[in-house]
Amino acid sequence: MANSLQHIAIIMDGNGRWAKKRLMPRTVGHVKGAANVRQMVKACADEGVSYLTLFAFSSENWRRPPEEISALMGLFLQYLESEVAEMKAAGIRLRVIGDRSAFAPLLQSRIDQAEQETAHNSRLHLTIAANYGGQWDVLNAMRSWQAANPGKQLQDLDAGGLAAHLSTADLPDPELLIRTGGESRISNFLLWQTAYTELYFTDAFWPDFDAAALKQAIHWFEQRVRRFGRTDEQVSANPAAAPGEQLSTAPLVPPAFKIS
Ligand code: FPP
């Protein structure tokens with residue numbers, strides 16, 4: 001039985017090198033990268049994927065040269081201005097996760113507007129991570145849980161309680177994370193949410209990662225044996241039982257097996 005796939009997360013890396021290879025400025029790579037976002041949203045919808053989460057700007061990307069940062073901000077704004085009407089019509093819900101308070105007021109208001117205008121859509125949930133960091137998300141979730149539960153102690157917090165305060169609280173965890181651009185790391189993306197995610201690393205630069213490459217990644221994912229801590233034999237005997245166990249809020253060690 002093929003693994004079920006609802007949610008793909010992507011680290012879109014390699015725009016700069018794509019441009020450099022063609023002796024062009026890095027920003028041209030980002031322009032091509034932004035155009036590829038459009039293609040990938042369509043490709044994911046065509047594949048029947050319900051959730052797509054894209055890492056567009058990390059909390060560490062502020063370290064880049066100011067002109068590159070402003071080109072990225074400009075592209076994000078342009079993307080919102082040019083795509084929202086089509087997203088509305090195509091049933092795509094757009095959300096942005098990350099600390100948006102650092103963005104220019106115009107960009108913040110376009111983000112709010114895009115989220116409101118697409119809020120009733122559900123064919124594809126597109127989440128753009130911008131000024132996002134996985135560590136920021138977990139810390140924020142803990143603080144938010146504490147604020148919502150003033151009488152409680154930290155030992156009352158469990159995995160489900162924390163997950164409910166993450167910026168992705170109403171999204172399922174991604175089953176597949178794709179990183180383009182040849183690096184094999186998570187780079188502070190969805191640290192908590194990728195605990196049991198299958199990680200697919202490809203050398204293709206983001207502007208070259210097309211619908212055929214997506215199909216290849218999905219095919220690779222479908223071949224994976226997802227064990228969630230169980231043995232191969234247990235998985236073969238009962239393959240369907242695993243996914244529900246991925247974020248167990250109950251202690252997994254039965255009392256009889258506790259090491260005291
Ligand atoms: C990584 O490539 C890419 C980014 C830091 C930004 C991703 C942005 C886009 C795809 C365009 C704008 C996004 C939206 C949603 C419209 P890199 O610059 O690190 O490439 P390199 O590793 O080759 O230098």
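Every number for a ligand or one of its atoms is a count from 1 in the order of the listing.
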Note: Leu54, heavy atoms under 4.0 Å from ligand 1, region reported as neither
Note: Lys21, heavy atoms under 4.0 Å from ligand 1, region reported as neither
Between ligand 1 and Gly181, can you find any atom pair, the residue atom being a heavy atom, that is separated by under 4.0 Å? no
| request: Measure the distances from the heavy atoms of Arg64 to every atom of ligand 1 and state whether one is below 4.0 angstrom. | output: yes
May I ask you to list the atoms of ligand 1 that are less than 4.0 angstrom from any heavy atom of [X]?
X	answer
Tyr79	16 (C)
Arg17	21 (P), 22 (O), 23 (O)
Asn61	5 (C)

Exactly one of Lys88, Arg93, Arg95, Arg100 clears salt bridge (Lys or Arg N to Asp or Glu O under 4.0 Å) with Glu115, and that residue is Arg100
Please verify the inter-ring angle class for Phe57 with Trp62; under 30° counts as parallel, over 60° as perpendicular, anything in between as tilted. perpendicular
Using distance alone, with no hydrogens and no angle criterion, decide if [X] and [Y] have a side-chain donor and acceptor under 3.5 Å apart.
X	Y	answer
Asn188	Trp136	no
Ser50	His125	no
Asp137	Ser167	yes
Gln193	Thr168	yes

Can you tell me the protein heavy atom closest to [atom] and the distance?
atom	result
atom 14 (C) of ligand 1	Val37 CG2, 4.3 Å
atom 15 (C) of ligand 1	Ile128 CD1, 3.8 Å
atom 9 (C) of ligand 1	Asn15 ND2, 3.8 Å
atom 20 (O) of ligand 1	Gly16 N, 3.0 Å

Out of Gly33, Ala130, Ala56, Ser187, the nearest non-hydrogen contact to atom 8 (C) of ligand 1 is supplied by Ala56
Min over Met12, Met73, Arg26 of heavy-atom distance to atom 24 (O) of ligand 1 lands on Arg26
CH2 (Trp18) and CG (Asp13) are apart, to the nearest 0.5 Å, by 15.0 Å
message: Any carboxylate oxygen within less than 4.0 angstrom of a Lys/Arg side-chain nitrogen, looking at Glu175 and Arg226?
response: no
Check this for me - ligand 1, Trp18, N or O atoms closer than 3.5 angstrom, yes or no? no
Original post:
Any link between Leu126 and Leu176 through a network of hydrophobic side chains (Ile, Leu, Val, Met, Phe, Trp, Tyr) touching at under 4.5 Å?
Top reply: yes
